[in-house]
Amino acid sequence: MSPERRPTLALRVETALWLAFAAAAWLYAEATDRTIFRSELHVMSWPRFILYLAFATALLNFVFAGARPPLQPAVAGAEDVQPVSRWRVFGTFAVPVAYLALLPGVGFYAGAPFFLIAYMVAFGQRKPRHLIGTALVAHVVLSILFTKYLFMPLPTGNWPGFYEFNVAVVRLIKAW
Amino acid sequence: MLESLALGFVNLFTSPLSIAVFFAALIGGMVFGAVPGVDEMTLATIALPFTVFLPASDAIMFFGVLYCSGVYGGAVTAILFNIPGSSDNAPTAFDGYPMTQKGQSGKAIGAAVTCSALGGTVSAILMIVATEPLAHWAIRAFGPPEMLAVIIFGLCACASLGAETVWKGWLSVLLGLLIGSVGTEPSSALPRFTFGSDYLMAGINFIPLIIGFFAVSEILVQGHRMALGLHLKAKISIDFPKFVEFWRLRLAIVRSTAIGFLVGVLPGVGATLAAFLSYGVAVRWSRHPETFGKGELEGVVASETANNAATGGAMIPTLALGLPGGALTAVIIGAFQIHGIEPGPMVMINSKELVWTLFAAMLLANVCILGLGYLETRTIVQLLRVPFSVLAPIILLLTTLGSYALRNLVVDVWVAFIAGIVGFFLRKSGYSMAGIVLGVILGNLGESSFVTTMQMLDHDPLNFLDRPLAAMFIVSGIGLILYNGYSAMRPALRAWRRNAG
């Protein structure tokens, strides 16, 4: 294989992940089939067929894809060029996950404004009027729209204090 | 026929309630389609239980109009934010978003408006003319083997679109097929890949998946780019395409209308495959296929004409056979059942007034898209002036609500977010989100059709040759795979031959 077509580390890792995923799924399919007393039902035949194709395609990708194109460089004239911020990258993923994890306990009406503020901060917004104003307006509009007009029940939380707060907000919106 | 159509218009315009429902559906579809994170399906599923309070003709008319305006509405977010409103608009984003990045957002949306209205209007006229004859033909000529063959062809066609390489496109579709296999096996109803979870017994719902792979992953990608200083603010423009530009694309418009309508007629397939097929055909027929995916207007035209043209076609199997042409037509069937009407050939006789009111409303809705869509171009495009750091959290909150609205389950929201995170890494590696979603949707349909087909063909695949239509689609699909595979292997094979020489 010529140097320019030698697979990159990223391609090797990608192929290894695909092969490992296909192998793990195939093993699970085999184990599932063994628990079914009527093997002629072929419950896992279709997923196994897909996994064979995925295995073969991942290998073909490895052999024929060649070197990956370089990462896109920063474009001249792009706005807001700032140094890499690992915390902002982390926040982009962590804030929504944290919000979802807390949603069943905290509820939508109590949690949404703080989520909006936290995510705007993660995206680099620093102006207080944007942060508070946007969070308030968006939260009020969405709460009224979904609660009063679309009759869609939103999570009210199950933690003490939060549940009562959310229910009070729902009653206020419906009475308004 | 003209008398019946006139009667439909009379029914529509003589009732204030009907007029109100018509405009509510028209504007609701556009707005919900245009707001990232929610789409016309969200509005349709929320509104379904409340339509019991409406007369049957108004209820069915609501969903028909919503279908027309919503399929167009999703193009706006596809073009502006690279977030298709639904899978029907996924191909629109391939060229629409690059056009926005080049400062041609107004032109792209203007093209989407005009072509959606054109395709939808022509399709509505064809629907009115051809419903009964086409339904009779489909009953005779289309069975599970033909359905399976079309689905196989569709999967082969879409695998080559939207990914960095053909192999990654196929891997995307295969991943979608695998996700779609989670749940229960169609013939035996035994659990498959459920890991003992009650939630997974019903399969992974495709709406949170669409929201996650498109909307959530896009937010994460843009957030990542902003953190790295690579985010490019989309340039706004309000220039409508000129007539000359449309004239240049007249062949693409006619072809896409035909593809959209004919594919839409096929039960269970819907506007998604119509949009992808039309886009794929446009790429293959173009003299400059390398321009597609980089902001080619014809890409937007092909996709949007076809998906709106499919709306009229999709109503034919829905009304005549009781088979949904897509997700929203499945909701329409639910609306029929709520009102105690059984969709099928008899609906054309027993509920003639309802059907012709629906026809009239859908024809009018597609014409109205042109006017309202132009107005929308001047308003929704202003969303781009809002800083993305403010818009992104609102979009993400809407995706949360959209996922939750489905079944009031937080698990669906988790599915959307997990799909978003997986989608982020897959997109960074050059995989196709549209391929994954299409694999999920068509995989379920395909497997059910496969089980029935094998029983019909006595488990002998060679019996496909006795069904020329099915054989044609399967041979075309296999040919497409071989052609794409060879094209992808050719550069490496040449390099090896050179090195060996």
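All chains are named by letter (A, B, ...) in the order of the sequence lines, taking the proteins before the strands, and each is independently numbered beginning at 1.
- Inter-residue side-chain proximity for B:Leu493 and A:Phe64 is flagged as met; some heavy-atom pair is nearer than 4.5 Å.
- The structure places CH2 of B:Trp167 at 12.5 Å from OG1 of A:Thr15, a figure rounded to the nearest 0.5 Å.
- For chain A, the option among B:Leu177, B:Val413, B:Leu397, B:Ile418 with the highest count of heavy-atom pairs below 4.5 Å is B:Leu397.
- Between the CG atom of A:Asn61 and the OG1 atom of B:Thr165 there is a distance of 5.0 Å, given to the nearest 0.5 Å.
- Each of B:Thr400, B:Ile219, B:Ile421 has some count of heavy-atom pairs under 4.5 Å with chain A, and the biggest count is that of B:Ile219.
- Contact of A:Ala101 with chain B is made through backbone and side chain together, with heavy-atom distances under 4.5 Å.
- Shown here for A:Met120 and B:Ser389, the closest heavy-atom pair between the two residues is CG-O, 3.2 Å.
- Of residues 104-114 of chain A, those residues with a non-hydrogen atom less than 4.5 Å from any non-hydrogen atom of chain B are, in numerical order, A:Pro104, A:Phe108, A:Ala112.
- The neighbour count for A:Lys148 NZ, taken as heavy atoms of other residues, nucleotides or ligands under 6.0 Å away, is above 12.
- Annotation for A:Pro96 and B:Leu396: closest pair CG-CD2, 3.6 Å, computed over non-hydrogen atoms.
- For a heavy-atom cut-off of 4.5 Å, chain B lies close to no residue in residues 157-164 of chain A.
- For the pair B:Phe424/A:Thr92, no side-chain contact is recorded, criterion being any heavy-atom separation below 4.5 Å from C-beta on.
- In this structure, the separation between CZ on B:Phe417 and OH on A:Tyr99 is 8.0 Å, given to the nearest 0.5 Å.
- Pairing each heavy atom of B:Ser181 with each of A:Trp46, the nearest pair is CB-CD1, 4.2 Å.
- Contact residues of residues 49-60 of chain A toward chain B are A:Ile50, A:Leu51, A:Leu53, A:Ala54, A:Thr57, A:Ala58, A:Leu60 (heavy-atom distance under 4.5 Å).
- Scanning all heavy atoms of the two residues, the minimum distance from B:Thr194 to A:Tyr28 falls at N-OH, 4.4 Å.
- For A:Leu100, the parts lying under 4.5 angstrom from a heavy atom of chain B are both the backbone and the side chain.
- A:Met44 contributes atom CE, which lies 10.0 Å from atom CG of B:Leu190 (distance to the nearest 0.5 angstrom).
- Ranked by heavy-atom pairs under 4.5 Å with chain A, the first of B:Leu174, B:Leu220, B:Leu171 is B:Leu171.
- Smallest separation of non-hydrogen atoms from A:Pro153 and B:Asn408: CG-ND2, 3.2 Å.
- Neither the backbone nor the side chain of A:Val121 comes within less than 4.5 Å of any heavy atom of chain B.
- Residues B:Leu175 and A:Phe21 are in side-chain contact: their nearest non-hydrogen atoms beyond the backbone lie under 4.5 Å apart.
- Evaluation of the side chain to side chain donor-acceptor pair (under 3.5 Å) rule for B:Ser217 yields B:Arg427 as partners, not counting sequence neighbours.
- The shortest distance between side-chain heavy atoms of B:Trp414 and A:Val97 falls below 4.5 Å.
- Of the two parts of B:Phe450, neither the backbone nor the side chain holds a non-hydrogen atom closer than 4.5 Å to a non-hydrogen atom of chain A.
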